[in-house]
Amino acid sequence: MAESTFDSELDLSGEVCPYTLVKSKLALEKLVAGQILKITVDNNESAGNVPKGLSLDGHEILGVNREGKGKWHVTVKHAG
Amino acid sequence: MTSIISGLITGFVGGYALQRGGFCMHSAFRSIAYEKDHSIVRAWLLVLAINIPALLLLEQIGLVFPARAPFSIVAGLIGGLVFGIGMVLAGGCASGTYYRASKGMTGSIVALLGFAGGGLMMTRGVFQPLRSWALRPEIPIAGEEASLYNLPTAFAGGFFPGFGFRWIVAGVIVIAIVVFLLRAPKQTFTIGWPWWVTGIVVGVVAIGGWYFSSLEYRDYGLSIVQPTNAITGWLLNGETGAINWTTWFLVGLIPGAFAAAWKGGDLSLRVPSAGRLLQNLGGGIMMGWGANLAGGCNIGHGVTGMSVLSIGSIWATASTILGVWAMTWLVFKITRNQAGSRPASA
């Protein structure tokens, strides 16, 4: 997917649960249906938990990409 | 020597499993109330479903003689609540903080220092009298440590449950867990092991904890608090009296978790903001303070004690879960307020 197109960006480096999921949800609340949020996390657990949690909330996960050691990008589309 | 080798090996396997499975009981407890994904809760319940019958069997054939944690209402409640609140601030449970520190998360390393310090305050420091007071009275059942197995004796004095009755109690609990686990939805976005692999491996490691400890006449299984205190006592005072199998388990856990992080490409030094580090330190102190008051952490009570259906462990674990829920609620509220007071950064 074209990860370069997104409407908002959230860098959660240095954060762990529950902050990663809470802040992701809050950032998504500011968007409207169809808009895309790109989230950066710095550990495997958050890279699993964040898309899992947002997907169960009904949002569409467009990609979970490892950008290197300790860096993941999660792109999510607001479901409305 | 057998104790050292078996402890190091079991610890290595345990640390590897915790890391690869992301077995953080803080996440598990939080998810019960706040999230729709319950994978780690399932892993935890699977550990119990394996250990409850295994321990009963080992007890029946006389290989281990499980002790139950004393049931002290005040110590379990206050200790558990503070431990639970501390876990949210520290960003992980006791075992979770160890495996996260092992993959280079500075916040967890700082939290571990707090965990050791909080433990010292409670076991040897200014809070020692509070601990002695709160641990009394212990509530036994017919002179024995309270467990779900001997609970009927509390209501019918002449009834002393034998192994037949105990197997019925264990069977009902295990069947209830298995029915719940079989209804599990397909796990998505999994990085590392699926919940059932983690549950099986941690379950076997926990049985090993009981068995190897029994070889040195210690009638308890895995623990994090006790070996942490043993290591602290050795580092600060050169004491070796409290070093036992669980100490070697904990020493082995760190390279195991390190190896798993290396294998999973999750090994790097991560440094959060100074404010977050301070929060992690405070959370760690609360964890050490609370777990030592409660007489155990998410492993000593939540896995080991619950595997022998100790009422004291169930009480302390329930209090811990309440602490996690209360603090998570506060974190949601504070974070939402902070986000609301700032302009959107999109």
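Protein chains get the first letters and strands the later ones, always in sequence-line order, with residue 1 at the start of each. Bear in mind the structure is a predicted one, so any value in this text is a computation, not a measurement.
- Per-residue heavy-atom pair counts under 4.5 Å with chain B were compared for A/Pro51, A/Gly14, A/Gly70, and the maximum is reached by A/Pro51.
- Residue contact with chain A, scored on non-hydrogen atoms closer than 4.5 Å, is absent for B/Leu269.
- Under the 4.5 Å side-chain criterion, counting only non-hydrogen atoms from C-beta, A/Ser55 is in contact with B/Phe189.
- Atom CG of A/Asn49 and atom OG of B/Ser31 lie 9.0 Å apart (nearest 0.5 Å).
- Listed here is the closest heavy atom pair of A/Asn43 and B/Asp266: CA-OD1, 3.5 Å.
- When every heavy atom of B/Thr188 is checked against every heavy atom of A/Lys52, the shortest pair comes out as O-CE, 3.1 Å.
- Contact detail for B/Ile191 and A/Gly48: the closest heavy-atom pair is CD1-N, 3.7 Å.
- Summarising the geometry of A/Val16 relative to B/Met105, their closest heavy-atom pair is CG1-CE, 3.3 Å, with the distance given to 0.1 Å.
- The distance from atom CZ of B/Phe332 to atom CG of A/Leu26, rounded to the nearest 0.5 Å, is 8.0 Å.
- Open room surrounds CH2 on B/Trp196; 12 or fewer heavy atoms of other groups in view lie less than 6.0 Å from it.
- Note that CZ of B/Arg270 is 13.5 Å distant from CD of A/Glu15, once rounded to the nearest 0.5 Å.
- Between chain B and the options A/Lys69, A/Lys71, A/Lys23, heavy-atom pairs under 4.5 Å are most frequent for A/Lys69.
- Neither the backbone nor the side chain of B/Ser108 comes within contact range of chain A; no heavy atoms are under 4.5 Å apart.
- Only the side chain of A/Lys25 has a heavy atom closer than 4.5 Å to any heavy atom of chain B.
- Rounding to the nearest 0.5 Å gives a distance of 11.0 Å between CG of B/Asp37 and CG of A/Asp57.
- Taking all atoms of both residues into account, the shortest heavy-atom contact from B/Val331 to A/Pro18 is CG1-CG, 4.1 Å.
- Heavy atoms of A/Leu37 lying under 4.5 Å from chain B are absent altogether.
- Taking B/Arg30, B/Glu35, B/Lys103 one by one and counting their heavy-atom pairs under 4.5 Å with chain A, the maximum is reached by B/Arg30.
- The environment of B/Phe258 atom CZ is sparse: at most 12 non-hydrogen atoms of other residues, nucleotides or ligands sit within 6.0 angstrom.
- Closest non-hydrogen pair, A/Glu45 versus B/Cys24, comes out as OE1-CB, 4.2 Å.
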